[in-house]
J.: 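Got a structure here, written out as C-alpha cells. Questions coming.
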Amino acid sequence: MDFNLTTEQEALSDSVRRFVERDYGFDKRRAIMDSADGISAEIWNKMAELGWFGAGLSEDAGGFGGGAVENALIAEGLGRGLVVEPFIANAVLTLQTLAALGPFEGREVLVEGIVAGTHKAVLAHGEADARGNPRIVATKATKADGSWSLSGAKSLVLGAPSADTLIVSARTGPGDGDISLFRVDPAAAGLSANVYRLLDNSRVSDLKLDGVVGTLIGPEGGALSAIEAGIDHATVTLCAEAVGAMDTALFMTRDYLKTRQQFGQPIGNFQALQHRMADMLVELELARSMVFQGLAALVEGDADQRRRGVSASKVMIGDAGLFVGRQSIQLHGGIGMTEEYAIGHYYRRLFVIAGLFGNADIHLVRYGDLSWAA
Amino acid sequence: MDFQPDPQMLQFRNEVRTWIRENLPEHIRRRAWRDYHVDREGIREWMKILHAKGWSAPHWPKEYGGPGWTPIQNFIFHEELRAAGAPVLDRGGLELVGPVIYTYGNEEQKARFLPPILSGDIWWGQGFSEPGAGSDLVSLKTRADYDPATDEYVVNGTKIWTSDAQHADMMFTLVRTDQDAKPQRGISFLMIDLKAPGVERRPIYTIDEGLTVNQFFFDDVRVPANNLIGEAGRGWSYAKFLLTNERTMSAEVPHSERDLIQLERIARTVTKNGRAVIEDPLFQAKLSRLSIDLTALKWAVMRVLYAAHGDTRLDSVASVLKLRGAELRQRTAELAAEALGDHGLAVVHDPDNHDHVKNDGLAPDIIEDGYGITHKCMYRRTTTIYGGSNEIQRNIIAKAILGL
Ligand SMILES: Cc1cc2nc3c(=O)[nH]c(=O)nc-3n(C[C@H](O)[C@H](O)[C@H](O)COP(=O)(O)OP(=O)(O)OC[C@H]3O[C@@H](n4cnc5c(N)ncnc54)[C@H](O)[C@@H]3O)c2cc1C
C-alpha cells in the first residue's frame, strides 16, 4: 500500500485548491447562484481548460489517463469551495458510465465534447420510487418501426437543466438486467422537465417522458452493470467532495471558537466545545479513511466487492458529514444560522450529499446483502 | 398513583377539539399546516376568533382575560390546536411578556398592554440577545439613560435575532440603566415602541432562505419611563421568570406530536420500491424510535404539569425538557425529509409568502404534506441554539441538579 500522491496528482490537487481560493470566493459563488442559470460558463470553461473533465478517465475511454483518485482529488477541492457546477454529473457519472458501457456509435465525439467542456451530457437514471437503488427502473422503452420510444419518469437528474444531451435508462425487457441506455434530446417531443433547486443550490430536473424518441447506445439490455459502475465511481467522488466540505467547515468552526468571546473568554476555552470539536475531527479522519477504502473498492475486479466497499464509504461519510455539518452550525450559535454566513451552506451541501445516490438505508441494505447473505 | 386519564379531561379534550374543528378557517389551517414562518394576517384572524371565545390566552389567569384553565388543560388545548393544524400564536406577547406584565407591571401597564395582546392587535418581539451577548446575556450593552427633564429613557445600542419582529409593534428588551452597578443589577426591563423615531430594522435571512429574525438598531430612541417594568435594575430577575416560562413551553411536545402526524402521512404516501415507505423496516424502526422518544418527553412534561407546587427539582427539569424537546424537533423534520426521498433534498418555498432570499420560483412538484419539510429541516438547527443553547442547558443541569 502507498497512500502518497504522485507528483502529477499533487499538482492536480494544488491546482484545484488554487482555483477555489482565487476564482471561487464565497461572494463569487453567491453571484453565480443568483444568476439566471445558477451556474457559470466562465467557471466551466476554466475547469475544462485545466483538464479536469478528462483527468479521471482512462486514455482508452478518451481521457487523460487518470482514474478515481484524480476525480477524488478534484472533488475534494471543489467541496472546499462548495462549487455548484455539475462536475460529478458530467465528468464522472456520465463519463464513467460510458467508459463501462463499451463502444457504441458516436461515443468518441460525445466523450470528446464532455472532456473539452463544449458539451454537457448527463445520466438520467434515478427514479423517485427507487430512492437511490440503481436496480429499480420502471421507465420503459419500446421499439416500433425501428425506432425507440421511452415512457416513464426520472427523478432528481443532476445537471439536467444545463445539459444538451440526456442519457436515459429504460427497461427493454422484463428481466432484472434488461436495462438499456438511450440518447435523448432535451428538447424532444413528449419530454417535460421540472427544474428545481436542491438545498445545496445546485439545479436538477424531474423528467416526465411520454413517448420520447431515443437512440439506443450500447447493447440492448445489459446496461445495468455499466450504470452501477458509473454510479459507484460517482459516489466515491462525492464522498471525497464531502470530506473537502467537512474539513473546511470544521476548521472554519475551530477558527471561530478561537475568536468568539462569551463569559469573558474565547468559547474555545470551554471543554464541552473542545470535546465536540474533537468528536468532529474523529469523524472527519475516519471519513477520509473511508474515501481511500472506497477508492480501493472501485478497482476491485469483483463487482460485488466494489459495491460493498462503496456502500460502506457512503454510509459512513454521509453520517459523518451530517454530524460535522450540524455541529459546525451549533458551535457557531446564531451566526451559523444565517444565510449570509458560509457555514450553513456547508451543512446544506453535506445534507444533500448524504441523500444523493442512495441514503444510508439504501447502502446499509446493499452492504448487508453483500456481507451476510446466507 | 393513578395513571388513568381524567374523565373530565377527556371531555374537555373532546370539547375543544370539536370547537377548533368547527371554527378554524380552512385557509388558515392549510397554510399553517405547511408550517413555514408565521403569517401575521392569518394569525390575527384566528386570534380574533379565539378571543371572541375567550381562549386566546389559554394559560393566563381569569382576571386578566384567560379562561382560567389548569396547566394540564392548557397543554391539552395546545395539543388539539397543533393536531388540527392551527397556527402558533404571537408567543412574544402571550407567552413571554404578557405574564411579566401581569406579574410585575403596574395597573396602568396592565390596562394599556394586556388587552391588545389578548386580541392579537399588538405583537411583541423579544429583544434580549445582542451581537456580543448571546449565551452570556448578562454582558449586554444596549443602554437606556434616564432623562429627568422629559421622564424618558434614551436608548442606544442594538438587539439581534429578534424572532418574527418584522411583524412586531413593540419589543420588550433588557437594557442597561446603570453603568456602574454589578452587571446583573444594572439591567432593566423596558418596552419599546418599534415605530418610535431612531429605531431601524435589518432583516436577517436564515439557512432555510426565509425571514424570521431581525437586527434592530436604536439611535437615541426616546421611551416613556412608564414603559419600564417594575423597578429599574431588577430586569434580570423578571427575565429569569420569563425564560423559565419559555423553557417549559419549549419542550414543544404538541408541535412535535403534530409533526409526527405529518411524518406518518408522508411515509404512507411516498413509496419505496413500490411500497409505502412506512412499510420499510429500517424506516419504521426510526419512526418508532422517534415516537418512543417523544412519548418519554411527553411523560416528563406530564410529571411537571401534574406536580405539586413548590417541587424545586422541577425548576431544573425545565432544562431537560428544553434540551430533548429541541432535539426531537430536529429529528422529526429530518426524518420527514428522509421519508420524502428525492424531494426531501429540495428547496421548497412557502407558496404564500415571497419573503425569501431568493425567489427563483423553482420548486419540485411535491406532495401537499411535503411543503415546509426541508425548510424546517434547515431552520430547526436553531432549536438547540435559541432560548439557551443545549450546551448552556447541560451546564445548568450539571450545576443546578448535579451540583458539579
Ligand atoms: C433563529 C433564532 C431566533 C432567535 N430568537 C431570539 C429572540 O426572539 N430574541 C432574543 O433575544 N434572542 C433570540 N435568539 C438568540 C439566541 O437566544 C442566541 O442565539 C443564543 O442565546 C446563543 O447566543 P449566540 O448566538 O450569541 O451564540 P454564542 O453564545 O456565541 O454561542 C456559540 C456556541 O458556544 C456555546 N457556548 C457558549 N457558552 C458556552 C459555555 N459556557 N459552555 C459551553 N458552550 C458554550 C453555545 O452553546 C454555542 O454552541 C434567536 C436565535 C436564533 C438563531
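Proteins come first, then strands; the chains are lettered A, B, ... in the order of their sequence lines, and each starts at number 1. In this text the structure is predicted, and so the values were computed from the model without any measurement.
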J.: Can we say B:Arg329 and B:Asp259 salt-bridge, meaning some charged N sits less than 4.0 Å from an Asp/Glu carboxylate O?
T.: no
J.: So, taking the atom named CG in A:Asn201 and the one named CZ in A:Arg29, what distance separates them when rounded to the nearest 0.5 Å?
T.: 5.5 Å
J.: At a 4.5 Å cut-off on heavy atoms, which part of A:Tyr347 comes close to chain B: side chain, backbone, both, or neither?
T.: side chain
J.: Is A:Asp34 close to chain B through its backbone or its side chain, or both, or neither, when contacts mean heavy atoms under 4.5 Å?
T.: both
J.: With a 4.5 Å cut-off on heavy-atom pairs, point out which of B:Ile160, B:Val357, B:Thr271 contacts chain A the most.
T.: B:Thr271
J.: For each of B:Ala337, B:Ser389, B:Gly361, B:Gly274, tally heavy-atom pairs with chain A at distances under 4.5 Å, and name the one with the top tally.
T.: B:Gly274
J.: Pick out which of B:Lys376, B:Arg380, B:Arg381 makes a side-chain hydrogen bond (donor to acceptor under 3.5 Å, both in side chains) with B:Gln330.
T.: B:Arg381
J.: Looking at A:Thr338, A:Leu331, A:Asn133, A:Val204, which has the largest count of heavy-atom pairs under 4.5 Å with chain B?
T.: A:Thr338
J.: Could you look at B:Val277 and say if it's the side chain, the backbone, both or neither that has a heavy atom under 4.5 Å from chain A?
T.: side chain
J.: As an exercise: rank A:Glu127, A:Arg326, A:Arg203 by heavy-atom pairs under 4.5 Å with chain B and give me the winner.
T.: A:Arg326
J.: Which bit of B:Leu211 comes within less than 4.5 Å of chain A, counting heavy atoms only: side chain, backbone, both or neither?
T.: neither
J.: Under the rule for salt bridge (charged side-chain N to carboxylate O under 4.0 Å, His left out), what residues qualify as partners of B:Glu327, not counting sequence neighbours?
T.: B:Arg324, B:Arg394
J.: May I ask you to decide whether A:Asp200 forms a salt bridge with A:Arg348, counting only side-chain N to carboxylate O separations under 4.0 Å?
T.: no
J.: Which residue out of B:Asp208, B:Val213, B:Asp360, B:Asp365 racks up the most heavy-atom pairs below 4.5 Å with chain A?
T.: B:Asp360
J.: Between B:Val138 and chain A, with a heavy-atom cut-off of 4.5 Å, which part of the residue counts as in contact: side chain, backbone, both or neither?
T.: neither
J.: Which residues in residues 354-363 of chain A have a heavy atom less than 4.5 Å from any heavy atom of chain B?
T.: A:Gly355, A:Leu356, A:Asn359, A:Asp361, A:Ile362
J.: How would you list, by chain and number, every residue that makes a salt bridge (charged side-chain N to carboxylate O under 4.0 Å, His left out) with A:Arg131, sequence neighbours excluded?
T.: none
J.: Closest heavy-atom contact between A:Leu224 and A:Asp176?
T.: CD2-O, 4.0 Å
J.: Taking atom CD of A:Gln261 as the centre, does the number of heavy atoms from other residues, nucleotides or ligands within less than 6.0 Å exceed 12?
T.: yes
J.: Say you draw a straight line from CG of B:Leu362 to CZ of A:Arg197; how long is it, rounded to the nearest 0.5 Å?
T.: 6.5 Å
J.: Identify which part of B:His349 has an atom lying under 4.5 Å from any heavy atom of chain A, answering side chain, backbone, both or neither.
T.: side chain
J.: At a heavy-atom separation under 4.5 Å, does A:Ile329 approach chain B through its side chain, its backbone, both, or neither?
T.: both
J.: Can we say B:Glu368 and B:Arg265 salt-bridge, meaning some charged N sits less than 4.0 Å from an Asp/Glu carboxylate O?
T.: no
J.: Going by salt bridge (Lys or Arg N to Asp or Glu O under 4.0 Å), name the pairs with one or both residues in residues 260-277 of chain A, residues two or more places apart or in two chains.
T.: A:Arg276-B:Glu391
